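Take a look at the structure below.
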2 protein chains.
Amino acid sequence: MEQLYKRDRHYVAVDCVIFGYLDGDLKLLAYPRAFAPYEGGWSLMGGFLNDDENLDEAATRVLELRAGLSDIFLQEVGCFSAINRDTAGRVVSVVYYALVDVNTQDASILDAHGAQWFSVKHLPDMVLDHKQMVERALIQLRSDANERLLGKELMPQYFTLLQLRNVYQAIFDRDLELANFRKKILSLDILEKQDFKNTTESRKGAFYFAFKPEAENRVLDRIVKLN
Amino acid sequence: MEQLYKRDRHYVAVDCVIFGYLDGDLKLLAYPRAFAPYEGGWSLMGGFLNDDENLDEAATRVLELRAGLSDIFLQEVGCFSAINRDTAGRVVSVVYYALVDVNTQDASILDAHGAQWFSVKHLPDMVLDHKQMVERALIQLRSDANERLLGKELMPQYFTLLQLRNVYQAIFDRDLELANFRKKILSLDILEKQDFKNTTESRKGAFYFAFKPEAENRVLDRIVKLN
DNA sequence: ACAAAAGTGTTAATTCTACACCCATGA
DNA sequence: TCATGGGTGTAGAATTAACACTTTTGT
């Protein structure tokens with residue numbers, strides 16, 4: 001082994017881009033930074049990597065302990081490592097995005113930290129390079145959503161196809177024909193129709209669907225066509 | 001700022017999955033590890049991150065100084081951070097893949113390190129978690145190649161459409177109809193036909209093409225259909 | 001009965017696929 | 001002229017896109 005002790009060591013952080021779905025569009029959860037410099041500036045939830053955990057575990061811990069979000073879908077986005085990206089010292093940050101169902105999470109713990117949801121279409125100014133992190137996370141999310149049928153994580157266990165379409169519209173920020181979206185999604189053979197309906201949004205009622213457990217992570221060719 | 005000095009610090013490494021195209025298939029460049037443990041085991045080219053460089057710079061430096069490869073296309077793949085992934089200590093590794101044109105690189109410096117090209121279809125056993133790194137890099141490469149028209153980096157400046165198809169066949173490890181590939185690629189409006197031909201591979205000669213400089217990084221919907 | 005959302009059907013346009021076929025050239 | 005890739009054309013299948021239409025049910 002090369003002599004490790006002669007090498008530079010670095011602070012390694014994780015920063016979490018927390019996405020949620022609310023009121024028809026995709027939201028980012030941002031926190032007012034609790035310490036100087038830039039105290040009070042909008043910031044991602046983050047924390048430092050410890051010796052006794054890997055990066056996934058660190059991100060999970062940060063979300064659970066510091067944001068009160070548990071059992072969350074997490075996906076690595078990439079590293080931000082510019083030398084002066086953090087004014088307080090050299091920190092290599094690994095960005096994750098998280099998808100949370102806004103309704104099943106405890107709002108009080110978010111309020112306690114002063115957290116706020118922002119539409120990704122109107123992001124606030126953010127501390128350090130956090131806005132670039134959000135932008136890269138969004139690109140990654142779209143790419144993933146195109147080949148994986150996400151949405152499970154943003155929605156309740158049972159949902160209607162209209163609700164799923166609305167989530168996809170929010171993720172891609174574009175209109176998707178409902179009739180065609182239905183046919184496309186159903187042809188993927190990934191959802192299971194339930195025998196009960198959601199009647200809160202219409203007289204007729206829309207059948208609920210749920211993800212087939214096995215099919216959850218199947219890689220698909222393409223869900224929404226770009227261009 | 002939180003008190004950085006109370007946090008754990010970590011060795012951060014970059015490991016480079018070097019892909020090349022040769023004899024009709026995609027190759028990986030592997031090196032015999034020069035130090036214990038696992039001395040002599042096949043390994044990726046890697047190195048540690050210094051305080052005065054970012055990760056891209058570290059990867060570039062490693063390729064240049066240690067592998068003799070300059071002016072190389074590099075793409076981040078992701079982090080490997082399992083606590084015991086490196087038996088000599090806790091090292092967080094960031095994986096990159098590199099695409100190199102085998103013919104324009106100096107073979108002697110590779111030989112000097114005992115480097116060898118392996119077909120990605122028959123990878124050797126590798127040290128630590130390097131084989132998983134290669135597998136993730138390959139997934140990333142395929143995904144990128146599908147939306148970016150890579151190949152520029154694996155081939156000479158001027159190339160025929162047959163050569164480009166052969167590279168794509170190697171990347172995706174599957175046959176692609178030449179006639180349909182031609183039409184698809186040309187419809188993307190990304191290549192510029194030259195007015196001279198390659199006559200080494202046929203009597204008739206095939207026109208050379210080159211990438212349009214502006215279009216280089218355009219994001220495309222999909223180049224090869226999966227399934 | 002009617003309004004409103006759920007869900008189905010239909011058609012045209014586009015893209016994919018699999019071939020057949022013609023072209024240019026050196027030997 | 002013939003063998004060999006280079007390059008084009010085309011027909012059928014599959015997918016996509018746009019929009020019309022039918023169904024259900026609370027009021």
Side-chain angles (χ1 to χ4, degrees), chain A residues 23-24 145-147 149 151 155-156 158-169 172-210 218-227, chain B residues 23-24 145-147 149 151 155-156 158-169 172-210 218-227:
Chain A
D23 301 333
N146 214 356
E147 61 181 26
L149 199 55
M155 291 189 300
Y158 301 112
F159 50 87
T160 67
L161 291 175
L162 177 62
Q163 289 168 343
L164 182 62
R165 184 205 59 161
N166 290 344
V167 167
Y168 263 74
Q169 287 196 156
F172 288 96
D173 188 21
R174 116 174 141 78
D175 289 343
L176 300 170
E177 272 290 312
L178 180 55
N180 296 330
F181 185 79
R182 291 180 66 87
K183 279 175 277 196
K184 177 73 184 180
I185 295 300
L186 292 177
S187 77
L188 300 174
D189 189 33
I190 259 181
L191 299 184
E192 209 150 46
K193 189 179 191 168
Q194 307 305 120
D195 55 4
F196 50 99
K197 289 180 163 193
N198 172 332
T199 51
T200 64
E201 302 183 44
S202 74
R203 321 245 147 131
K204 183 178 177 182
F207 278 104
Y208 276 116
F209 285 80
R218 247 176 49 210
V219 175
L220 312 165
D221 183 37
R222 179 183 60 188
I223 294 173
V224 316
K225 186 180 174 187
L226 308 178
N227 305 344
Chain B
D23 300 334
N146 214 357
E147 62 181 24
L149 199 55
M155 291 188 301
Y158 301 111
F159 50 87
T160 67
L161 291 176
L162 177 63
Q163 290 167 342
L164 182 62
R165 185 205 60 161
N166 290 344
V167 168
Y168 263 73
Q169 288 196 156
F172 287 96
D173 189 21
R174 119 173 138 80
D175 288 344
L176 300 169
E177 272 288 314
L178 179 56
N180 296 329
F181 184 81
R182 290 181 66 88
K183 279 176 277 196
K184 178 70 185 182
I185 295 301
L186 292 177
S187 77
L188 299 175
D189 190 33
I190 259 182
L191 299 185
E192 210 150 47
K193 189 178 191 169
Q194 308 304 119
D195 54 5
F196 49 98
K197 288 180 164 193
N198 171 331
T199 51
T200 65
E201 302 184 41
S202 74
R203 321 246 144 122
K204 183 177 176 180
F207 278 105
Y208 276 116
F209 286 79
R218 248 176 48 211
V219 175
L220 312 166
D221 182 38
R222 178 181 63 186
I223 294 173
V224 316
K225 186 180 173 187
L226 308 179
N227 306 343

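Only a predicted model underlies this, so the values are computations on that prediction, with no experimental measurement involved. Chain letters run A, B, ... following the sequence lines, proteins first, then strands; residues in each count from 1.
Between A:Arg182 and C:dT8 there is a side-chain N or O to OP1 or OP2 distance below 4.0 Å. Using a 4.0 Å cut-off, some side-chain N or O of B:Lys184 falls inside it from OP1 or OP2 of C:dC16. When the side-chain nitrogen and oxygen atoms of A:Arg222 are compared with OP1 and OP2 of D:dT16, one or more of them lie within a distance under 4.0 Å.
For B:Lys197 against B:Lys204, the heavy-atom pair with the smallest separation is NZ-O, 3.3 Å. Residues A:Met155 and A:Val167 come closest through the heavy atom pair SD-CG2, 3.6 Å.
Each of B:Asn180 and B:Glu201 has a nearest nucleotide on DNA chain D; the 5'-most of these lies closest to B:Glu201. Between A:Ala179 and B:Leu186, the residue anchored nearer the 5' end of DNA chain D, judged by the nucleotide with its closest heavy atom, is B:Leu186. Both B:Arg203 and B:Leu226 lie close to DNA chain C; mapped to their nearest nucleotides by heavy-atom distance, the more 5′-ward contact belongs to B:Leu226.
Going from atom CZ of A:Phe159 over to atom P of C:dA6 covers 15 Å, rounded to whole Å. Rounded to an integer number of Å, the gap from A:Arg165 CZ to D:dA17 C1' is 14 Å. In this structure, B:Arg174 atom CZ and C:dC16 atom C1' are separated by 11 Å, rounded to whole Å. Across the protein-nucleic acid pair, B:Lys225 atom NZ and C:dT14 atom C1' stand 12 Å apart, rounded to whole Å. Here the P atom of nucleotide C:dA6 and the CD atom of A:Glu177 are 14 Å apart, to the nearest Å. The separation between A:Leu178 atom CG and D:dA17 atom P is 14 Å, rounded to whole Å. Atom-to-atom, CG of A:Asn198 to C1' of C:dA6 comes out at 11 Å; the value is rounded to the nearest Å. In this structure, CZ of A:Phe181 is placed 19 Å from P of C:dA5, rounded to the nearest angstrom.
Nearest nucleotide to the side chain of B:Leu162, out of D:dT15, D:dG5, D:dG7: D:dG5. Side chain of A:Phe207, nearest nucleotide from C:dA6, C:dT17, C:dG7: C:dG7.
Partner of B:Phe196 under the ring pair (Phe, Tyr, Trp, His ring centres under 6.0 Å) criterion, chosen from B:Phe209, B:Tyr158, B:Phe207: B:Tyr158.
When atom types are taken as modelled, the side chain of A:Asp221 and the backbone of B:Leu226 share a donor-acceptor pair closer than 3.5 angstrom.
Among the protein residues, B:Leu161 comes within range of no part of the nucleic acid, since none of its heavy atoms lies under 4.0 Å from any strand.
Between the side chain of A:Lys183 and the base of C:dG7, no donor-acceptor pair under 3.5 Å is found. The base of C:dA6 lies close enough to the side chain of A:Lys204 for a donor and an acceptor atom to sit less than 3.5 Å apart.
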Before giving the answer on side chain to side chain contact (heavy atoms under 4.5 Å, CB included), spell out for B:Val224 and B:Arg174 the whole-Å C-alpha distance, their side-chain angles and the decisive distance to 0.1 Å. CA-CA 10 Å; B:Val224 316; B:Arg174 119 173 138 80; 4.0 Å; yes

